[in-house]
Amino acid sequence: MRFAANLTMMFTEHPFLDRFGAAAAAGFDAVEVLFPYEAPAGAVAAALRAHGLTQALFNLPPGDWAAGERGIACLPGREAEFRDGVAAAIGYARALGNRRLHCMSGIPAPGTDRATALDTYAGNLRVAAAACAEAGLTLLVEPINNRDMPGYLMNSTALARAMIERVGAPNLKLQLDLYHCQISEGDLATRIRANADITGHVQVAGVPDRHEPDQGEVNYPYLFGVLAATGYDGFVGCEYRPRGRTEDGLGWLASLRR
């Protein structure tokens with residue numbers, strides 16, 4: 001497995017741009033981040049080059065995060081804003097050499113008909129997938145559990161597959177976060193095998209507390225073997241909140257590399 005440190009959650013002991021060097025010093029050769037837009041694209045690109053890192057993934061702009069928005073793709077009436085966000089993300093992706101973008105579905109407003117939310121989501125995914133294809137990028141959808149994000153529209157691998165098939169874009173893939181999947185669905189080895197044909201990115205964290213993947217109810221060494229057996233050769237994003245100082249909790253990674 002090739003691991004990417006999530007710099008939104010890991011190495012937060014350091015200012016954002018300093019986290020790239022910290023990740024490289026800890027042995028990572030790739031990083032991901034929820035939203036890189038807090039720093040100029042040129043500054044992020046320089047940090048990647050300086051430390052020999054690959055930018056593996058980031059998200060499209062999510063709307064007003066501070067106000068509780070978690071993506072706007074399923075929100076009727078926000079299509080123009082969504083398209084602007086896609087353009088901004090592609091600009092960053094080009095600058096950073098990033099090849100994968102995640103599109104958060106969003107949380108439908110109270111009273112919104114589910115069918116309307118799904119129709120809006122599908123239409124926006126078609127627009128984003130087409131723009132990403134033109135730029136040579138893969139677009140991802142990620143099921144997120146409704147315990148951590150109540151009301152989030154994209155909440156199961158079955159819905160992800162249905163939406164990928166509905167949109168019909170060859171560059172639209174599944175972002176399989178095994179932390180979210182365990183909470184929402186379980187049966188992880190079966191989910192991995194059943195969705196191997198559409199999986200474009202994988203993420204991990206310990207369950208139930210979203211700390212390092214060396215404690216909790218999920219046997220990650222076994223699942224990494226399952227992933228390898230399916231032929232998955234992409235990055236595994238480490239999207240977890242360290243129990244303490246990030247570097248002190250990386251024993252799990254060192255043990256895998258022995």
Side-chain angles (χ1 to χ4, degrees), residues 3-12 19 31-38 56-75 85 100-110 112 114 117-118 121 125 139-164 173-192 195 199-220 223 235-244 246 249 252:
F3 295 95
N6 186 294
L7 299 187
T8 301
M9 295 187 176
M10 301 173 68
F11 302 102
T12 57
R19 295 174 198 173
V31 296
E32 59 179 40
V33 62
L34 293 185
F35 312 108
Y37 314 108
E38 64 184 84
L57 173 76
F58 63 86
N59 295 347
L60 301 184
D64 190 341
W65 188 269
E69 291 187 337
R70 296 297 182 263
I72 61 174
C74 74
L75 306 184
R100 288 173 173 78
L101 295 174
H102 168 223
C103 175
M104 299 188 75
S105 68
I107 301 170
T112 301
R114 181 171 175 81
L118 289 170
Y121 185 33
L125 284 175
L139 184 68
L140 301 165
V141 294
E142 176 191 17
I144 295 178
N145 79 78
N146 284 162
R147 185 188 75 188
D148 285 10
M149 204 169 287
Y152 192 76
L153 182 69
M154 173 52 70
N155 58 11
S156 73
T157 53
L159 178 57
R161 179 174 288 278
M163 192 58 62
I164 288 168
K173 301 292 184 180
L174 168 68
Q175 182 170 314
L176 182 59
D177 187 314
L178 296 174
Y179 164 81
H180 290 303
C181 190
Q182 171 66 5
I183 293 169
S184 297
E185 304 176 64
D187 201 10
L188 294 181
T190 299
R191 305 289 177 199
I192 291 169
N195 292 291
T199 297
H201 189 68
V202 173
Q203 291 175 319
V204 298
V207 181
D209 297 319
R210 208 170 190 176
H211 295 319
E212 285 86 347
D214 59 352
Q215 291 186 12
E217 63 194 51
V218 177
N219 181 354
Y220 277 111
L223 293 179
F235 288 107
V236 174
C238 303
E239 194 181 42
Y240 64 80
R241 301 184 186 94
R243 290 184 289 265
T246 302
W252 67 271

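Everything quoted here is computed from the prediction, not taken from an experiment.
Residues I192 and L178 form a side-chain contact, since some pair of their non-hydrogen atoms from C-beta on lies under 4.5 Å apart. Between F3 and P213, the closest side-chain pair of non-hydrogen atoms is not below 4.5 Å. Taking 4.5 Å as the limit, some side-chain heavy atom of D148 sits within range of a side-chain heavy atom of R210. For the pair V141 and L159, the minimum side-chain heavy-atom distance is 4.5 Å or more. For the pair M163 and Y121, the minimum side-chain heavy-atom distance is below 4.5 Å. Between S105 and L125, every side-chain heavy-atom pair lies at or beyond the 4.5 Å cut-off. For the pair Y240/M9, no side-chain contact is recorded, criterion being any heavy-atom separation below 4.5 Å from C-beta on.
Expressed to the nearest 0.5 Å, how far CG of L140 lies from CG of L101 amounts to 8.0 Å. From D177, atom CG reaches atom CD of E142 across 5.0 Å, with rounding to the nearest 0.5 Å. In this structure, SG in C181 is found 10.0 Å from CG in L223, a value given to the nearest 0.5 Å. Remark: L34 CG to N6 CG distance equals 5.5 Å, nearest 0.5 Å. Remark: T157 OG1 to I164 CD1 distance equals 10.0 Å, nearest 0.5 Å.
Using modelled atom types, one side-chain atom of N146 and one backbone atom of Y152 make a donor-acceptor pair closer than 3.5 Å. In this structure, E212 contributes its side chain and R243 its backbone to a donor-acceptor pair below 3.5 Å. Judged by distance alone, with hydrogens and angles left aside, the side-chain atoms of H211 form a donor-acceptor pair with the main-chain N or O of R241 at under 3.5 Å.
A distance below 6.0 Å separates the ring centres of F35 and W65.
The two atoms that bring G206 and Y179 nearest to each other are O-CD1, 3.4 Å, heavy atoms only. Nearest approach of C103 to L139, heavy atoms of both residues: CB-CD1, 4.0 Å. Closest approach of M149 and I107 over heavy atoms only: CG-CD1, 4.3 Å. Closest heavy-atom contact between P108 and L75: CA-CD2, 4.0 Å. Closest approach of V204 and Y220 over heavy atoms only: CG1-CE2, 3.5 Å. A4 and A56 make their closest contact through CB-CB, 4.1 Å (heavy atoms, listed as atom of the first residue, atom of the second, distance).
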In sequence, state the C-alpha distance, the side-chain angles, and the governing distance for H201 and H102, and then conclude on side-chain contact (heavy atoms from CB on, under 4.5 Å). CA-CA 10 Å; H201 189 68; H102 168 223; over 6 Å; no
side-chain contact (heavy atoms from CB on, under 4.5 Å) between L153 and R114, worked out: CA-CA 9 Å; L153 182 69; R114 181 171 175 81; 3.3 Å; yes
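Each of R70, M104, M154 was compared with I144 under the side-chain contact (heavy atoms from CB on, under 4.5 Å) criterion, and only M104 meets it. Each of R100, H180, Q203 was checked for a side chain to side chain donor-acceptor pair (under 3.5 Å) with Q175, and the lone residue meeting it is Q203.
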